[in-house]
Amino acid sequence: MKIATFNVNGVKTRLAHLLRWLEKEQPDVACLQELKALDEGFPAETLREAGYGALWKGQRSWNGVAILARGSQPVEIRRVLPGDEADDQSRYLEAAVDGLVVGCLYLPNGNPQPGPKFAYKLAWFERLIAHAAALADSEHPVLLCGDYNVVPTDFDIYNPRSWRKDALLQPESRACWERLLAQGWTDAIRHLHPDEPVYTFWDYFRQHWQRNAGLRIDHLLLNRRLAPALRAAGVDTWVRGEEKASDHAPTWVELELSRLSKPRRNRRA
DNA sequence: ATGACTATAGGATATAGA
C-alpha cells in the first residue's frame, strides 16, 4: 500500500500534473495540500474518472487540503483541527481508508517571523501536538502526513545559511517538531534514509531545482501501531522536473499492513 | 538587507508562499 503527500500549489493549475502522477505512481492514498480553490472548484469528477474517491476542504485563494483514495471513498473522521473555533483556515482533514487513519495537514508557513503569522504557526503546532497525542497512542494504525513547513535539522536543507531567519528553521518550530516526534511517531523518510540528504521542496528562485538546492518539509509520520508495516519511503522527484511544476514533489511510504499483528482482543491466549 | 519566482484575485497591483 502506497501513501503519498503532495503539496500541489493550486489543484486547478496543477490538475494535469496531478493526473500524470496518479497514473504513473498509482498511490493508494494521496493527501494534497494548497488546493487554492473553493469547494466547488475541486475537480472531484475528473479525479473520480481517474479512479479516486476524494474528501476535500477548500478555501478561496489559499490553503485547502484533500484526501484521495484509489478505488474507494475515504471516510471522513474530522475536518478541523480542534482547539480554536475561530480558526477558519482549511488546513486539516482526517479520514479512515482501508482500516488506516490518515491525517492530512498543511501547517502554517509562519513567515515573516517574528510576527502574527509566526505566532499562528506555533499556536497551530500546539493544537496539532495536543490532537496527535491520542493518535500516537491509538490502537489503530495512524499516519499523519502533509506539508509541515518545518526543516527538522540542518541536514534537511542544502545550506541553512540564507535561511537562518526563516520560520521553517526557527528553534521554536523545530522544538515543536521534536515534541511531536517524542510522542512516539516515526519520521518515515529519515528512519529509512538516515545518512542521505532527502529533499521534498525546491523553491522557484535562483534555479534551486536545477542545483538540487532543496528542503525537506513534507513529512509522513507513523504511530507505534503502524511503524512495523513500514517497508519503503521516497520522493517522486521527477514530478518536480516537469514543466510548470509545483515547488513540492510527492513524498510517499510503502506499507505492508498484512505484517501488522492482530489487535490484542482478537489474539488467542 | 533585499530579491530572485509562481500563484490567486481581478483587471493594477496586492498578498501569500517558503
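Numbers restart at 1 for each chain; the letters A, B, ... are given by sequence-line order, proteins then strands.
Only A:Thr13, A:Arg14, listed by number, bring a heavy atom of residues 12-23 of chain A to less than 4.0 angstrom from any atom of DNA chain B.
Two residues are said to be in side-chain contact when any heavy atoms from C-beta on lie closer than 4.5 Å; A:Lys121 and A:Asn111 fail this criterion. With a 4.5 Å cut-off on side-chain heavy atoms, A:Glu126 and A:Arg179 count as touching. Inter-residue side-chain proximity for A:Leu192 and A:Val253 is flagged as unmet; no heavy-atom pair is nearer than 4.5 Å.
Between the side chains of A:Trp163 and A:Tyr158, at least one donor-acceptor pair of N or O atoms lies under 3.5 Å. One side chain, A:Asn9 or A:Tyr204, offers a donor N or O that lies under 3.5 Å from an acceptor on the other. Using modelled atom types and a 3.5 Å distance limit, the side chains of A:Thr200 and A:Asp218 yield a donor-acceptor pair.
Map A:Ile217 and A:Trp62 each onto its nearest nucleotide of DNA chain B; the residue landing nearer the 5' end is A:Trp62.
Checked by atom type and distance alone, the side chain of A:Arg224 never pairs as donor or acceptor with a backbone atom of A:Asp137 at under 3.5 Å.
B:dT2 and B:dT6 have their P atoms separated by 22 Å, with the value rounded to a whole Å. The P atoms of B:dA1 and B:dA14 are separated by 24 Å, rounded to the nearest whole Å. Taking the P atom of each, B:dG10 and B:dA16 are spaced 15 Å apart, rounded to whole Å. On the C1' atoms, B:dA7 is 13 Å away from B:dA18, given to the nearest whole Å.
Atom-to-atom, OH of A:Tyr204 to C1' of B:dC5 comes out at 8 Å; the value is rounded to the nearest Å. Rounded to an integer number of Å, the gap from OH of A:Tyr120 to P of B:dA18 is 13 Å. Taking atom OH of A:Tyr106 as the reference point, atom P of B:dA16 lies 12 Å away to the nearest angstrom. Rounded to an integer number of Å, the gap from NE2 of A:His208 to P of B:dC5 is 12 Å. Residue A:Phe118 contributes atom CZ, which lies 14 Å from atom P of B:dG17 at whole-angstrom precision. Per the geometry, CD belonging to A:Gln207 stands 11 Å off P belonging to B:dT6, to the nearest Å. Counting to the nearest Å, the P atom of B:dA1 and the NZ atom of A:Lys165 are 4 Å from each other. Regarding A:Phe205, its CZ atom lies at a distance of 9 Å from the P atom of B:dA4, rounded to whole Å.
The shortest distance between the side-chain N/O atoms of A:Arg164 and the OP1/OP2 oxygens of B:dA1 is not below 4.0 Å. Contact between the side-chain N/O atoms of A:Asn149 and the OP1/OP2 oxygens of B:dA18 is found at a separation under 4.0 Å. Contact between the side-chain N/O atoms of A:Lys117 and the OP1/OP2 oxygens of B:dG17 is found at a separation under 4.0 Å. Residue A:Asn7 places at least one side-chain N or O under 4.0 Å from the OP1 or OP2 atom of B:dA18.
Counting only heavy atoms from C-beta on, A:Arg60 has its side chain closest to B:dA9 among B:dA18, B:dT8, B:dA9. Residue A:Arg206 has its side chain nearest to B:dA4 when only B:dT8, B:dA16, B:dA4 are considered.
With A:Phe201 as reference, A:Ile217 is the one residue of A:Ile217, A:Asn149, A:Val235 to meet the side-chain contact (heavy atoms from CB on, under 4.5 Å) rule.
In this structure, A:Tyr148 reaches neither bases nor backbone, as no heavy-atom distance under 4.0 Å exists between it and the strands shown. At the heavy-atom level, A:Asp218 lies nowhere under 4.0 Å from the strands shown. Among the protein residues, A:Asp203 comes within range of no part of the nucleic acid, since none of its heavy atoms lies under 4.0 Å from any strand. At a threshold of 4.0 angstrom between heavy atoms, the contacts of A:Arg216 with the nucleic acid are absent. Residue contacts for A:His248: at a heavy-atom cut-off of 4.0 Å it reaches the sugar-phosphate backbone alone, with no base atom in range.
In this structure, A:Leu122 belongs to a hydrophobic cluster whose other members, linked by side-chain heavy atoms under 4.5 Å apart, are A:Phe118.
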